[in-house]
Amino acid sequence: MAQSQGAVAVDIDDVTKLYGNFTALSAVSLAIHDNEFFTLLGPSGCGKTTLLRCIAGFEDISQGAIRLYGDNIADLPPNHRPVNTVFQQYALFPHMDVTRNVMFGLLRLGRSEAEARARAGEVLELVRLSEFANRMPAQLSGGQQQRVALARALAPNPKVLLLDEPLSALDLKLRQAVRLELQQLQHETGITFIFVTHDQEEALTMSDRIAVISDGKVQQVGSARDIYEEPDNKFVADFIGETNLIDVSVAEIAGDKALCTLPGGTRFTCPAARGAHSGQGHLSVRPERVSLADPAGALLTGTVTRLIYLGTDMHVDMRLSDGESITARVQNSSQTTIPAMGDTVGLDFEEGAARLLVD
Amino acid sequence: MTGTRAPRPNPEAPGQARGATGMTRRKRTRKPDLRRFPGFLPLTLLCVFLLYAPLLIVAIYSFNDSPSITLWGGVSLRWYEDVFWGPESDKFKQAAINSLVIAVAAATTATVLATMAATAMLRAGSFRGKGASFALINLPLMVPEIVTAVATLIFFSAIGFSTGILTILIAHIVFCIPFAYLPIAARMEGIEDVYEQAAQDLYATRWEAFRLILLPLMTPGILSGFLLAFIISLDDFIITNFVKGAGVETLPTAIFGAVKQGIKPNIMAISTLLLAVSILFVTLSYFAGRMGQNRK
């Protein structure tokens, strides 16, 4: 969040993108700050890649404006936008060696051959590929190709780097290593990164801020912590991590607190997302914030329906009195008593652990 | 040496389009073993015999020492000597030069036009009449050659164009276009447009993206298309015969003219030479089409 005071690098202002009758993006507004690692997160088909392609210039927008440090770039062709893209399939030019690939953008910008070559060497060093400078793309592993794509996009020193799911083609181990590298690279270069992914773990670990997108709309923008701990709506709570959604009836909302009645009749006060209203609603409680307790005096009571052993943790699935299920994630330690199947147990969570959502 | 026996468009061409997904080709499911079908072997042998025995006999008898076309008189190169230095050699040489000049010019022009057509068909998005354009480009493959020949002749005489080497060239360019188009389009289809997008993202104009990225990646297809067009032009007889005008001969029409006066063994020698050139170019076209396919 340190960057949130910085200048606005990319200002997406009320952007709508229609394909015939299909609305890919619906009045999206986002302010992406200078030197920020910003992630567009959402399920496939949510519009996040379309938004990225609109910024790069591969798609025209139907309405709105896209400003890059104040200049409206929405009508410029891709080659006139000082942004570069790392493509999902890398799209390295197969007939050029690594150095020529990296030099390509510099030469098109009118740099001399010598200057471009020197800069290519520099960037290849940055991504630790110097010894592969003369290889053809086909002679490189997936991870190396990905780094060439990164070097090629960074070489012209773009104002903003766009990354379209660049890790999705890598295997898990490599992906985890590359995540750290990307984050480090962003710090070193000071370039604003806009990163598209459907992988919430990727988004949570790398980003300064995340925009959760669904159905062509921005659902919530915030830091990883904001989005995980204080989801605004059911979609965000459900999409990011695991959560329990508990049906409640809300008597009233006072400020940012809600007074609700839990299944079983207990009255409970908890934080409410902005826009939540009284009536029927949902509380989100993360499984790791649910603790098992004595049924007497607990917030909820449930019957154990399933136990899943996960090494460090135990997942306890229970059925509440209203028939809904709830999961608690209990640490395996000598202190905790693990219930047995069919046991009736009490469930507790702190006031701050629950949140009334906008449905 | 009629047009109907012209080599068909490279049968590998559709496969080239799958360059990027070549992996899937290796995992094809097992098909029923063809060799177990009853009568497979005799039928195969009959077909192979009918197709290739005449060619083989012509090739063998071109080395015959005897002036007869049926009696074997020992091995000799005298008919090849006759082709190059004999009494009729000047006629054949001039015809061969005409054929080569026309084939090079027609194949080059047709390849340029076919590349432009493929770019419009595959890279310009969708436009009105796209389906019709595709049909029009490939229609000459379906039209009986004799019909095209008659129509072309009528067309030239209607506009008062006197027949000669230029009319042959124009006619050849026209019927070479679909042959050049097929391998070029197949190749271009296999190249994802993300490469050109990447080029444009890296500050290339549309023209630079075409020239620096798409064109080099398409080179094998273009080369394959050129060689195919070249060979189609080189051995065309029907259309050429109609539009050539008096006194202008290409190799196929010269051979036909010579045969009318009775078959001499030198015809076999010259046919064998033409056959060798055809096989060479079709082979080159095939390998050009495959070139660079393992790169991805």
Side-chain angles (χ1 to χ4, degrees), chain A residues 20 49 52-53 55-60 76-97 100-111 116 120 135-140 142 145 148-158 160-164, chain B residues 16-26 115 119 122-128 184 186-224 287-296:
Chain A
T49 295
L52 198 78
R53 290 174 62 82
I55 300 172
F58 302 130
E59 308 279 351
D60 295 326
L76 297 178
N79 52 320
H80 289 295
R81 300 187 187 200
V83 298
N84 291 132
T85 308
V86 178
F87 291 87
Q88 187 171 9
Q89 325 86 319
Y90 315 139
L92 299 179
F93 306 133
H95 58 303
M96 296 182 187
D97 69 12
R100 306 268 356 153
N101 261 285
V102 178
M103 286 168 68
F104 188 88
L106 297 161
L107 292 177
R108 301 281 79 68
L109 284 172
R111 308 287 172 76
R135 295 270 188 97
M136 298 304 281
Q139 295 170 300
L140 300 176
Q145 288 184 21
V148 177
L150 203 59
R152 186 176 69 175
L154 283 171
N157 213 356
V160 174
L161 186 73
L162 309 173
L163 301 105
D164 185 9
Chain B
Q16 290 162 17
R18 276 180 272 156
T21 54
M23 297 288 284
T24 54
R25 281 213 292 176
R26 258 163 254 146
T115 305
T119 310
L122 298 168
R123 285 303 196 264
S126 55
F127 52 89
R128 275 185 65 190
I184 291 172
R187 179 80 187 185
M188 196 185 277
E189 252 171 356
I191 301 170
E192 292 171 77
D193 55 8
V194 71
Y195 296 111
E196 291 141 89
Q197 280 180 10
Q200 285 184 60
D201 186 63
L202 292 160
Y203 313 110
T205 59
R206 289 187 82 109
W207 167 244
E208 283 172 326
F210 176 77
R211 185 169 57 87
L212 299 170
I213 305 301
L214 188 58
L215 210 54
L217 292 178
M218 280 181 42
T219 306
I222 291 174
L223 201 60
S224 172
F287 282 109
R290 285 170 57 104
M291 209 166 72
Q293 258 198 62
N294 315 328
R295 266 214 300 240
K296 274 180 240 160

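No hydrogens, no waters, no symmetry mates; every other heavy atom, side chains included, goes into these values. Naming convention: chains lettered A, B, ... in sequence-line order (proteins, then strands); numbering from 1 in each chain.
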Please state whether the side chain, the backbone, both or neither of B:A209 comes within less than 4.5 Å of a heavy atom of chain A. neither
Between A:F104 and A:R100, is there a cation-pi geometry (under 6.0 Å to ring centre, at most 45° from the normal)? no
Looking at B:R211, I want to see if its CZ is surrounded by more than 12 non-hydrogen atoms of other residues, nucleotides or ligands under 6.0 Å. yes
For the residue pair B:L214 and B:R123, establish whether any side-chain heavy-atom pair is separated by less than 4.5 Å. yes
For A:Q89, which atoms come within 4.5 Å of any heavy atom of chain B: side chain, backbone, both, or neither? side chain
Most contacts with chain B, counted as non-hydrogen pairs under 4.5 angstrom, among A:A153, A:A56, A:P156, A:P158: A:P156
When you compare the side chain of A:L140 with that of A:Y90, does any pair of heavy atoms fall below 4.5 Å? no
Is A:R81 in contact with chain B via its backbone, its side chain, both, or neither, using a 4.5 Å heavy-atom distance? backbone
Chain A contact via B:E208 - side chain, backbone, both or neither, heavy atoms under 4.5 Å: side chain
Which region of A:L106, side chain (C-beta onward) or backbone (N, CA, C, O), has a non-hydrogen atom less than 4.5 Å from a non-hydrogen atom of chain B, or is it both or neither? neither
With a 4.5 Å heavy-atom cut-off, do A:L150 and A:L161 have their side chains touching? yes
